[in-house]
Undergrad: 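Got a structure for you, written out below as structure tokens; questions coming shortly.
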Amino acid sequence: MTKKKLLLLPGDGIGPEVMAEVERVLAWLNESGRAQFEYETDLVGGCAYDAHGEAISDAAMDKAHAADAVILGAVGGPKWANVPYAQRPEAGLLRLRKDMKLFANLRPAICYPALTEASSLKREVVEGLDLMIVRELTGGVYFGEPKEIVTLENGERRAVDSQLYYEHEIERIARVAFDLARARGKRLASVEKHNVMRTGVLWKSVVTRVHEDYKDIELTHVLADNCAMQLVKWPKQFDTIVTDNLFGDVLSDLAAMSTGSLGMLPSASLGAKDANGRRPALYEPVHGSAPDIAGKGVANPIATIGSLGMALRYSFDLGKEADLLDAAIAGVLAKGLRTPDIMQDGKTKIGTAEMGEAIVGELKRLSA
Ligand code: NAD
């Protein structure tokens, strides 16, 4: 079995605590013979600034490029509130995304049966939810030029951000989304606002053209404002959604919250495949470094362990192992084990390490 190379970047705050539980799962995967991972760790964020004066070193970037996938914990915290802008902890994350050319952000929203009550939506609306939002990550209004605030002759200030998309940017994200939809429920909703935005018109026409290569997938076009309404009304009508950077930012957070807790949400950011079929990939929880609970051993590691699960599925073609890990997480929750962020009446409160141990215990049980 060829060894798969991972780079682990635990980062700041609760990052190292939740990453320790990823290492626990990796150790089990290796011991059980289901996969062979070798991994090294390095610094990113505030801890990297403390050590090297920058949020990620060139040496760590080299390791990221050499790895088959990178798993990141979280960056940031009040300690680094006053460091220079270019060296702020988030700059490490942005450099990883930029230098690895990660243009596709995958944000699943899955509602575990045991946690349906944690959602602010009604049980029947979220029970069994399994939705994937694919967000374009490197184009659109966050990067388009001009992007400026100018003072006019009369002294009034005017701000402009530019929503800009090239055909190739839309085509490559559409292909990622169609491929994902093909491996999921074979339904893709493309979300834009072609009724009022020229980028929406181009988006719709390019996605429609790419659909010619994916005739087995049911494609619908949904206006972004309607999509927001539908996500709250009946999110289960969607299987896979593809959308631009801005709408994706908002809609993925909206969908995520229907699942209840930040501590449960993984994500993936993918680049383009090279000639050998190798795709740069970064996996990370959606949550931040949670300085309010850092060092207390109470952080929920499920989002970061779930990020490893996404790496198994999307970087290593280990779909069976990813399914097993999902089942182990669901099993632990069904047994009533909860970290404090998802605690409910009558359940058993446990810490970060106990949650990791319980998930590995469930992996062993399910695979025996
Ligand atoms: P946060 O996600 O760190 O925390 C928000 C709330 O959710 C806190 O109450 C926290 O305790 C809780 N929480 C988050 N993750 C949890 C987990 N795994 N288990 C249990 N509870 C959890 O967001 P914030 O407080 O706005 O930001 C804190 C720091 O993290 C800031 O410096 C911010 O810039 C940074 N941040 C980093 C990332 C990233 O690394 N990708 C993302 C968001 C925020």
Side-chain angles (χ1 to χ4, degrees), residues 7-19 22 41-65 67 69-107 133 135-145 147-149 159 161 244-253 256-257 262-263 265-271 280-295 299-300 303-304 306-307 310:
L7 174 65
L8 306 186
L9 298 171
D12 306 318
I14 61 169
E17 296 167 55
V18 292
M19 193 63 80
V22 166
T41 58
D42 212 313
L43 303 175
V44 67
C47 58
Y49 175 77
D50 289 345
H52 309 296
E54 51 192 346
I56 189 159
S57 66
D58 290 344
M61 277 310 310
D62 288 345
K63 288 181 194 170
H65 288 303
V70 179
I71 303 186
L72 185 136
V75 297
K79 183 181 174 195
W80 301 282
N82 296 317
V83 305
Y85 188 74
Q87 280 87 38
R88 72 199 189 285
E90 289 74 15
L93 192 50
L94 294 179
R95 181 169 176 201
L96 280 161
R97 287 182 185 158
K98 182 163 177 273
D99 289 8
M100 292 171 74
K101 300 189 170 69
L102 306 174
F103 66 85
N105 186 220
L106 277 50
R107 290 274 304 266
I133 298 194
R135 166 189 170 194
E136 201 290 326
L137 200 58
T138 53
V141 73
Y142 292 162
F143 297 101
E145 295 286 347
K147 185 179 195 63
E148 60 189 6
I149 300 177
D161 295 288
D244 74 13
N245 203 344
L246 175 63
F247 295 140
D249 194 2
V250 178
L251 295 174
S252 60
D253 271 12
M257 266 305 98
L262 261 182
L265 302 167
S267 76
S269 301
L270 308 177
L282 172 73
Y283 298 89
E284 57 182 322
V286 168
H287 63 71
S289 59
D292 52 332
I293 56 166
N300 186 345
T304 316
S307 301
M310 291 187 82

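What's counted below: heavy atoms across the whole structure, side chains too, no hydrogens, waters or symmetry copies.
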Undergrad: Kindly compute the distance separating CG (D161) from CD (E145), expressed to the nearest 0.5 Å.
TA: 9.5 Å
Undergrad: Would you say N82 has more than 12 foreign heavy atoms packed within less than 6.0 Å of its CG?
TA: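 Atom CG in N82 is not crowded, with 12 or fewer foreign heavy atoms closer than 6.0 Å.
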Undergrad: Can you name the nearest heavy-atom pair linking A67 to L7, along with the distance?
TA: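 That would be CB-N, 3.8 Å.
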Undergrad: With rounding to the nearest 0.5 Å, note down the distance linking NE2 in H52 to OG in S57.
TA: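 Answer for the NE2-OG pair, H52 versus S57, is 4.5 Å.
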Undergrad: Between I56 and M61, is a side-chain contact (heavy atoms from CB on, under 4.5 Å) present by the stated rule, with each step listed?
TA: CA-CA 7 Å; I56 189 159; M61 277 310 310; 3.9 Å; yes
Undergrad: Is the number of heavy atoms from other residues, nucleotides or ligands under 6.0 Å of K147 NZ greater than 12?
TA: yes
Undergrad: I need the minimum non-hydrogen distance between L102 and S269, along with the two atoms involved.
TA: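 Shortest heavy-atom separation between L102 and S269 comes out as CD2-O, 3.6 Å.
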Undergrad: Using modelled atom types only, decide if a donor and an acceptor are shared between the side chain of W80 and the backbone of G46 within a distance under 3.5 Å.
TA: yes
Undergrad: Please give me the minimum heavy-atom distance between M19 and I71, naming the atom from each residue.
TA: CE-O, 3.3 Å
Undergrad: To the nearest 0.5 Å, what is the distance between CG (L265) and CZ (R107)?
TA: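 L265 CG to R107 CZ: 6.5 Å, rounded to 0.5 Å.
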Undergrad: Looking only at atom types and distance, does a side-chain atom of R88 sit under 3.5 Å from a main-chain N or O of Y85, one as donor and one as acceptor?
TA: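 Such a contact is found between R88 side chain and Y85 backbone.
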Undergrad: Going by side chain to side chain contact (heavy atoms under 4.5 Å, CB included), V44 matches just one of D12, L93, V70, L96. Which one?
TA: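 Output: one option passes, namely L96.
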Undergrad: Using side-chain heavy atoms (C-beta onward) and a distance below 4.5 Å, is P280 in contact with F103?
TA: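 In short, these two side chains do not touch, never coming nearer than 4.5 Å.
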Undergrad: CG of L270 to CE of M100: how many Å apart, nearest 0.5 Å?
TA: 9.5 Å
Undergrad: State whether the side chain of S307 and the backbone N or O of P266 hold a donor-acceptor pair below 3.5 Å, judged by distance alone.
TA: no
Undergrad: Is the closest side-chain heavy-atom distance between D99 and H65 below 4.5 Å?
TA: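 When only atoms from C-beta onward are counted, H65 and D99 do touch, with a gap below 4.5 Å.
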Undergrad: Indicate the atoms forming the closest heavy-atom contact of Y142 with L246, along with that distance.
TA: OH-CD1, 3.3 Å
Undergrad: According to the salt bridge (charged side-chain N to carboxylate O under 4.0 Å, His left out) rule, which pairs have a member within residues 42-62, sequence neighbours left out?
TA: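 Checked against salt bridge (charged side-chain N to carboxylate O under 4.0 Å, His left out) - neighbours excluded - the pairs reaching residues 42-62 are D42-K63, D50-K79, D58-R95.
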Undergrad: Under the rule for side chain to side chain donor-acceptor pair (under 3.5 Å), what residues qualify as partners of Y283, not counting sequence neighbours?
TA: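 For Y283 the side chain to side chain donor-acceptor pair (under 3.5 Å) partners, ignoring immediate neighbours, are S315.
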Undergrad: If every non-hydrogen atom of N245 is compared with every non-hydrogen atom of L137, which pair is closest and at what distance?
TA: ND2-O, 3.2 Å
Undergrad: On a heavy-atom basis, which atom in A55 and which in Q87 lie closest, and how many Å separate them?
TA: CB-O, 3.9 Å
Undergrad: With a 4.5 Å heavy-atom cut-off, do T138 and R97 have their side chains touching?
TA: no
Undergrad: Measuring from E136:CD to N105:CG, what's the distance to the nearest 0.5 Å?
TA: 10.0 Å
Undergrad: Would you give the length of the straight line joining atom OG of S267 to atom CD1 of I133, rounded to the nearest 0.5 angstrom?
TA: 12.5 Å
